[in-house]
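Reading through the structure tokens given below for one structure.
These figures come from a predicted structure and were not determined experimentally.
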Amino acid sequence: NYYWNKTGNLSFVFTATDNTGLANCTLFFDYQFNKTNQSFIYNGGLSEINLTNISQGKHNWSINCSDFKSNTGNSTTRTVTVDSTNPSINLSGPPDAALIQVTQAYFNFSVTDNLDDNLTCNLSIDDSVSEGNNDLNVSNGTLRSQLVTGITDGLHSWNVTCWDHALNIAKSATRTFSSIVAPEIILVSPDNNHVNNSRNMTFYYNITDLSGIRNCSIIFDGILNKSNGTITNSNISNITLGNISEGVHNWSILCYDLTNTSNTSQTRTITIDVTKPSVILNFPDPESIMNQSSFSFNISATDNIDTSL
């Protein structure tokens, strides 16, 4: 039941049983008398009636059999669909030659069919169908948005293949897209607002990119300062600066991947303070003799940078 076929030629196979023998069996097609088989009816075995040039569409069929005493029996009614028309696929997006700057994106398409309500589709990226993008159940004439993850840098192609229940297959046009994904930079240390009592500091960061890393540089107080070309992807790297002047400074990391795509990290601040505070004893005076058991000591402290000591 619910059989689909892409040709208009079908064999209707049935089993008829009678204790006295079978005189004939008739195929009713779309509730109309169609064809009678008198020569090749096997009592209790498989018999068939063939039809050719069946029109496209959904049809019903049943078998009526008579024995030699004019007793008749009717089978249940089944449906069969003849469909020889290929589906039609429309790609909605991304457009051809699109630029995608993320590692995942939605690919949108629709498929229409003359008879089938639900079709099966594969979404291919670079002529390959990955798990999750295969055997997609798509409703006839409905837009399907399929998320594809793990998109790497470079030029790619995509297309869609769909088929109906009669196995009529259609393949869409092939589109291209380019993926340029910027490196991901995470600052590790020093922490934001870190205070250091040395003029030398090492700045640590983690850099990740699908295509690989070309180089990274530290931007110090808004100026490109020093570069590092020996970097391991997805691992912590560092750049060291020496003889940093006292005061508050800002820093960030700029990196380029192998496609020459760049990204800049967040900006952090550090403070270099190598000068000791100055302390003045105000009261009591040196070698003072106090004639009371409790009194207050008065001091003052100053610092070149810090407002609170």
Side-chain angles (χ1 to χ4, degrees), residues 99-105 149-154 179-288 290 294-309:
L99 176 62
I100 298 176
Q101 294 180 296
V102 290
T103 59
Q104 60 182 34
T149 61
I151 299 173
T152 58
D153 287 350
S179 176
I180 301 177
V181 183
E184 180 184 5
I185 308 169
I186 299 175
L187 301 183
V188 178
S189 70
D191 294 331
N192 197 26
N193 300 318
H194 175 76
V195 180
N196 199 47
N197 61 359
S198 170
R199 293 181 183 272
N200 303 321
M201 283 206 68
T202 301
F203 300 86
Y204 296 89
Y205 57 94
N206 190 303
I207 173 71
T208 302
D209 189 85
L210 294 174
S211 67
I213 309 302
R214 186 180 302 279
N215 61 66
C216 290
S217 304
I218 186 170
I219 300 175
F220 200 77
D221 290 337
I223 299 174
L224 190 67
N225 189 290
K226 190 176 182 180
S227 297
N228 182 1
T230 306
I231 300 168
T232 303
N233 198 351
S234 300
N235 280 282
I236 294 178
S237 301
N238 66 80
I239 297 175
T240 299
L241 297 183
N243 199 28
I244 304 172
S245 62
E246 287 193 278
V248 179
H249 305 276
N250 61 73
W251 68 283
S252 60
I253 298 294
L254 167 68
C255 293
Y256 286 85
D257 65 13
L258 296 182
T259 66
N260 215 33
T261 304
S262 66
N263 193 19
T264 303
S265 72
Q266 65 178 142
T267 299
R268 289 183 178 180
T269 61
I270 61 166
T271 301
I272 302 297
D273 186 0
V274 297
T275 302
K276 296 178 181 180
S278 175
V279 181
I280 300 175
L281 303 179
N282 298 316
F283 182 85
D285 293 329
E287 300 182 0
S288 296
M290 311 301 292
S294 63
F295 51 88
S296 298
F297 290 86
N298 185 283
I299 64 172
S300 60
T302 58
D303 190 79
N304 62 328
I305 291 176
D306 210 340
T307 58
S308 300
L309 297 99

_Restricting to non-hydrogen atoms, name the atom on Thr202 and the atom on Pro190 that form the minimum distance, rounded to 0.1 Å._
O-CD, 4.0 Å

*Report the C-alpha distance between Thr103 and Thr149 in whole Å, list the side-chain angles of each, state the deciding distance to 0.1 Å, and finish with yes or no for side-chain contact (heavy atoms from CB on, under 4.5 Å).*
CA-CA 6 Å; Thr103 59; Thr149 61; over 6 Å; no

*Distance, nearest 0.5 Å, that separates OG1 of Thr269 from NE2 of His249*: 10.5 Å

*Could you tell me the separation between the CG atom of Asn215 and the CG atom of Asn260, rounded to the nearest 0.5 Å?*
8.5 Å

_Nearest 0.5 angstrom please: Leu254 CG to Asn225 CG, how far?_
12.5 Å

*Do you know which two heavy atoms are closest between Phe203 and Phe220, and how far apart they sit?*
CZ-CE1, 3.8 Å

*Kindly indicate whether the side chain of Tyr205, heavy atoms from C-beta on, has any atom under 4.5 Å from the side chain of Ser265.*
no

*Taking all atoms of both residues into account, what is the closest heavy-atom pair of Val181 and Val102, and its distance?*
CG2-O, 3.4 Å

*asked:* side-chain contact (heavy atoms from CB on, under 4.5 Å), that's the test. Do Asp257 and Asp153 meet it? Break it down for me.
replied: CA-CA 10 Å; Asp257 65 13; Asp153 287 350; 3.3 Å; yes

*Given side chains that start at C-beta, do those of Asp209 and Glu184 come closer than 4.5 Å, heavy atoms only?*
no

*Under the side-chain contact (heavy atoms from CB on, under 4.5 Å) rule, what do Arg268 and His194 come out as? Steps first, then yes or no, please.*
CA-CA 9 Å; Arg268 289 183 178 180; His194 175 76; over 6 Å; no

_Flag side-chain contact, heavy atom, 4.5 Å: Ile272 against Val274_ = yes

*Decide yes or no on side-chain contact (heavy atoms from CB on, under 4.5 Å) for Ile207 and Ile231, but give the supporting numbers first.*
CA-CA 8 Å; Ile207 173 71; Ile231 300 168; 3.5 Å; yes

*Check whether any side-chain N or O of Arg214 sits under 3.5 Å from a backbone N or O of Leu258 as a donor-acceptor pair, and report yes or no.*
yes

*Minimum-distance pair of heavy atoms, taken over all atoms of Gly212 and Asn233*: CA-ND2, 3.8 Å

*asked:* Given 3.5 Å as the limit, does a donor-acceptor pair link the side chain of Asn196 with the main chain of Thr271, or not?
replied: no

_Working to the nearest 0.5 angstrom, can you tell me the gap between Ile180 CD1 and Ile100 CD1?_
11.0 Å

*Residue pairs passing the disulfide (SG to SG under 2.5 Å) test where at least one lies in residues 181-285, sequence neighbours excluded*: Cys216-Cys255

*List the atom of Thr208, the atom of Ser234, and the distance in Å for their closest heavy-atom pair.*
CG2-OG, 3.3 Å

_Distance, nearest 0.5 Å, that separates OG1 of Thr240 from CD1 of Ile218_ = 9.0 Å

_Any non-hydrogen side-chain atom of Asp221 less than 4.5 Å from a side-chain atom of Ile223?_
no

*Between Ser189 (side chain) and Asp191 (backbone), is there a donor-acceptor pair under 3.5 Å?*
no

*Which atom names give the shortest non-hydrogen contact between Arg199 and Glu246, and what distance separates them?*
NH1-N, 3.7 Å

*How long is the span from the CD1 atom in Ile186 to the CD atom in Gln266, to the nearest 0.5 Å?*
9.5 Å

